[in-house]
Amino acid sequence: MIKANKGKRFQQAVDAVEEFLKKLKAKQEQNSGDDKGKKEGKSKKPAGERKRKSSVSGPGSPTKKSRDQSPRKRGRPPKEDKDGSPPQPSSLKKLAMKTVSRFSWPPPTSERTADDPHFHHFLLSQTEKEDSAGDSWLLHRHRTLGSEMVLKKPSVTYQAISKRLKVSEEDTGSTSIQAADSTAINGNITPTDKKIGFLGLGLMGSGIVSNLLKMGHTVTVWNRTAEKNAAGGIHSEVCDPEEDGQCDLFIQEGAHLGRTPAEVVSTCDITFACVADPTAAKDLVLGPSGVLQGIRPGKCYVDMSTVDPETVMELAQVIVSRGGRFLEAPVAGNQQLSNDGMLMILAAGDHGVYEDCSSCFQAMGRTSFFLGEVGNAARMMLIINMVQGSFMATIAEGMTLAQVTGQSQQTLLDILIQSQLSSVFLDQKCQNILQGNFKPDFYLKYIQKDLRLAIALGDSVNHPTPMAAAANEVYKRAKALDQSDNDMSAVYRAYIH
């Protein structure tokens with residue numbers, strides 16, 4: 001079964017492993033027979049000893065019997081050693097190294113040998129990858145592996161392979177991408193001993209902080225509650241009207257309270273921030289008692305806000321100029337995914353900070369990607385939200401068109417769910433429309449902001465974005481209809497008014 005539809009190299013690897021096990025078993029049986037014969041030989045004549053030797057080497061011997069009864073293998077079988085001994089570890093390792101020579105591996109912590117029970121699994125998995133569709137398949141497999149770790153709770157073996165898997169820039173022609181396995185869903189996280197700060201307790205930030213605390217991190221929080229009614233107050237990303245009591249709630253759960261962003265940064269090793277837009281992100285860093293005033297050499301600042309590349313590069317420059325270390329890490333997801341610790345993190349900047357944040361990213365998300373230099377994560381996040389926002393506008397357009405042409409909206413949803421377009425996102429947003437329930441899971445005003453920034457990103461490189469531009473106009477109309485603080489699915493109302 002495992003060799004079905006596999007390449008020749010994979011088949012040969014299976015044959016090599018099976019032949020090794022078969023010879024090992026035969027040798028063990030032969031040794032057992034020799035020991036038994038020696039004991040019997042003490043009370044028997046030499047003729048009896050010759051008979052025993054003949055029986056061992058005859059047609060009924062375990063060695064020959066196991067070979068004769070073994071099924072015929074597909075592919076070229078490995079050559080048998082003249083002395084009948086099992087293949088040495090070096091021969092298997094040479095085959096494995098030839099198979100995986102195209103990959104870039106970090107130095108192993110210990111030498112693998114054929115006696116290692118995981119070596120044969122390692123050999124087969126790498127041979128299968130070489131016979132697959134190429135680098136694009138590998139990237140897909142890499143990403144999928146991270147998801148399987150969360151959903152299926154696999155063994156440590158798969159986690160170890162995922163952590164070691166890297167795609168070299170020479171093969172992909174792009175910046176290095178590394179997917180981190182997440183074990184937040186089953187709680188197997190060793191929290192960092194570094195002190196964590198978090199600025200901004202909106203819908204997304206609240207879920208993130210809650211999961212950081214649950215997984216044992218030491219967290220100091222700050223929110224704009226005291227300043228939110230003042231002019232120029234800093235707004236948290238996906239601001240929650242009930243966030244006034246969030247700080248008190250987290251303090252009860254074990255968090256510490258910071259009086260200002262500067263105080264949080266100065267007392268913590270790594271400080272995360274998640275605010276609404278470029279203006280809020282700049283105010284948080286450059287404003288009175290802001291992040292910049294607390295930055296000291298070695299302090300780490302991680303901006304999780306969805307902003308434009310220019311803003312994030314400006315913030316990185318001022319943080320680094322004070323001796324700080326900077327990482328951008330916007331998150332893809334919604335309130336529910338934030339609460340469940342299933343966000344997707346797109347990171348770029350200081351790779352050392354990315355590694356230091358490993359336990360934090362595992363607590364808050366199912367997968368994280370490192371995308372290279374500062375600005376790449378912002379660009380990728382805007383593209384993702386541009387696609388999501390445009391898709392939502394198209395869903396609303398289809399639902400209203402079904403209604404005005406006398407078609408059942410429920411039937412439309414049933415058909416879509418059975419089609420190639422089926423997704424959790426599609427189902428949830430259509431249910432919002434059918435139920436008339438637009439409680440915010442991702443604010444409409446923020447998806448419109450992201451569409452605007454994505455269009456500007458296209459303009460900066462003279463790339464047309466007509467679909468996003470059309471969707472942006474629909475969201476602007478929905479905002480004019482006082483839908484800004486509703487869920488993005490409320491864009492539906494722009495079509496029925």
Side-chain angles (χ1 to χ4, degrees), residues 139 143 166-169 172-180 199-200 204 237 265 270-286 290-292 295 299-333 343-358 360-361 364-365 367-389 446-447 449-465 468 472:
L139 283 169
R143 183 174 61 254
K166 288 185 178 180
V167 183
S168 62
E169 294 185 16
T172 62
S174 63
T175 55
S176 173
I177 299 178
Q178 186 175 17
L199 311 176
M204 302 291 273
E237 178 74 40
V265 172
I270 303 173
T271 300
F272 294 87
C274 189
V275 294
D277 52 37
T279 300
K282 290 180 181 179
D283 288 345
L284 186 61
V285 174
L286 305 174
V291 168
L292 195 59
I295 289 290
K299 296 291 185 180
C300 301
Y301 185 65
V302 183
D303 194 339
M304 308 192 79
S305 313
T306 301
V307 298
D308 57 282
E310 292 75 20
T311 295
V312 77
M313 287 188 287
E314 179 183 346
L315 296 179
Q317 184 177 6
V318 296
I319 294 294
V320 173
S321 68
R322 295 289 183 91
R325 303 167 65 195
F326 184 86
L327 184 76
E328 59 167 332
V331 292
L343 296 170
M344 180 171 62
I345 300 102
L346 308 183
D350 190 322
H351 193 272
V353 179
Y354 174 70
E355 292 178 339
D356 289 342
C357 293
S358 176
C360 296
F361 288 158
M364 66 181 73
T367 309
S368 65
F369 292 86
F370 184 77
L371 303 177
E373 64 183 15
V374 172
N376 284 343
R379 295 182 186 96
M380 187 67 77
M381 191 72 257
L382 290 177
I383 293 169
I384 291 172
N385 282 357
M386 178 189 75
V387 173
Q388 181 177 238
Y446 291 130
I447 196 68
K449 176 261 298 183
D450 293 343
L451 280 167
R452 173 174 55 82
L453 295 177
I455 294 168
L457 177 63
D459 289 343
S460 69
V461 292
N462 197 32
H463 182 76
T465 52
N472 187 46

Participant: Quick one: sort the Phe272 and Phe361 rings into parallel, tilted or perpendicular, breaks at 30° and 60°.
Facilitator: perpendicular

Participant: So, taking the atom named CZ in Arg322 and the one named CG in Leu292, what distance separates them when rounded to the nearest 0.5 Å?
Facilitator: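 Here the interatomic distance stands at 4.0 Å.
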
Participant: Starting from the C-alpha separation in whole Å, work towards a yes-or-no answer on salt bridge (charged side-chain N to carboxylate O under 4.0 Å, His left out) for Lys449 and Asp277.
Facilitator: CA-CA 8 Å; Lys449 176 261 298 183; Asp277 52 37; over 6 Å; no

Participant: Taking atom CE as the centre, does Met313 end up with more than 12 heavy-atom neighbours from other residues, nucleotides or ligands that are less than 6.0 angstrom away?
Facilitator: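 Counting other residues, nucleotides and ligands, CE of Met313 exceeds 12 neighbours.
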
Participant: To the nearest 0.5 angstrom, please state how far the CG atom of Leu343 sits from the CE atom of Met204.
Facilitator: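 So the gap between those two atoms works out to 5.0 Å.
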
Participant: Check the angle between the aromatic planes of Tyr301 and Phe326 and answer parallel, tilted or perpendicular using the 30° and 60° thresholds.
Facilitator: tilted

Participant: When you look at Leu327 and Phe370, which way does the side chain to side chain contact (heavy atoms under 4.5 Å, CB included) test go after all the steps?
Facilitator: CA-CA 10 Å; Leu327 184 76; Phe370 184 77; 4.2 Å; yes

Participant: Enter the distance from Ile295:CD1 to Cys300:SG here, rounded to the nearest 0.5 Å.
Facilitator: 8.5 Å

Participant: So do the side chains of Arg379 and Leu371 get within less than 4.5 Å of each other, counting heavy atoms only?
Facilitator: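 Not touching, per the 4.5 Å side-chain cut-off.
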
Participant: In Å, rounded to the nearest 0.5 Å, how long is the span from OG1 of Thr465 to CG of Leu382?
Facilitator: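 Spacing of OG1 (Thr465) from CG (Leu382) equals 11.5 Å.
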
Participant: Please give me the minimum heavy-atom distance between Pro330 and Ala378, naming the atom from each residue.
Facilitator: CG-N, 4.5 Å

Participant: Kindly compute the distance separating CG (Asp450) from CD1 (Ile384), expressed to the nearest 0.5 Å.
Facilitator: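 Taking CG in Asp450 and CD1 in Ile384, the distance rounds to 11.0 Å.
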
Participant: Would Glu314 and Val307 satisfy side chain to side chain contact (heavy atoms under 4.5 Å, CB included), going step by step from the backbone distance to the final call?
Facilitator: CA-CA 11 Å; Glu314 179 183 346; Val307 298; over 6 Å; no

Participant: Please test Val291 against Thr271 for side chain to side chain contact (heavy atoms under 4.5 Å, CB included), starting from the C-alpha separation and ending with a verdict.
Facilitator: CA-CA 9 Å; Val291 168; Thr271 300; 5.6 Å; no

Participant: Search all heavy atoms of Gly389 against all heavy atoms of Ile447 and return the closest pair with its distance.
Facilitator: CA-CG1, 3.8 Å

Participant: Are any side-chain N or O atoms of Thr367 and backbone N or O atoms of Met344, one a donor and one an acceptor, separated by less than 3.5 Å?
Facilitator: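 Not at all, since once roles are kept as given, no pair shorter than 3.5 Å links the two residues.
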
Participant: Measure the shortest side-chain to side-chain distance between Cys360 and Ile270 over non-hydrogen atoms and say whether it is less than 4.5 angstrom.
Facilitator: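 No; the side chains remain at least 4.5 Å from each other.
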
Participant: Which heavy-atom pair separates Leu284 from Ala273 by the least distance, and what is that distance?
Facilitator: CD2-CB, 3.6 Å

Participant: Main chain of Val312, side chain of Glu328: is a donor-acceptor contact present, judged purely on distance under 3.5 Å?
Facilitator: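 No, Glu328 side chain to Val312 backbone: no donor-acceptor pair under 3.5 Å.
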
Participant: Looking at SG of Cys357 and CD1 of Ile345, how far apart are the two atoms once the value is rounded to the nearest 0.5 Å?
Facilitator: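 The CD1 atom of Ile345 is 10.0 Å from SG of Cys357, to the nearest 0.5 Å.
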
Participant: Give the minimum heavy-atom separation between Gly352 and Arg325, together with the two atoms involved.
Facilitator: C-NH2, 3.3 Å

Participant: Using side-chain heavy atoms (C-beta onward) and a distance below 4.5 Å, is Asp308 in contact with Leu457?
Facilitator: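 Side-chain contact under 4.5 Å: no.
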
Participant: Are the side chains of Leu199 and Val275 in touch, meaning some heavy atoms are under 4.5 Å apart?
Facilitator: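 No; the side chains remain at least 4.5 Å from each other.
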
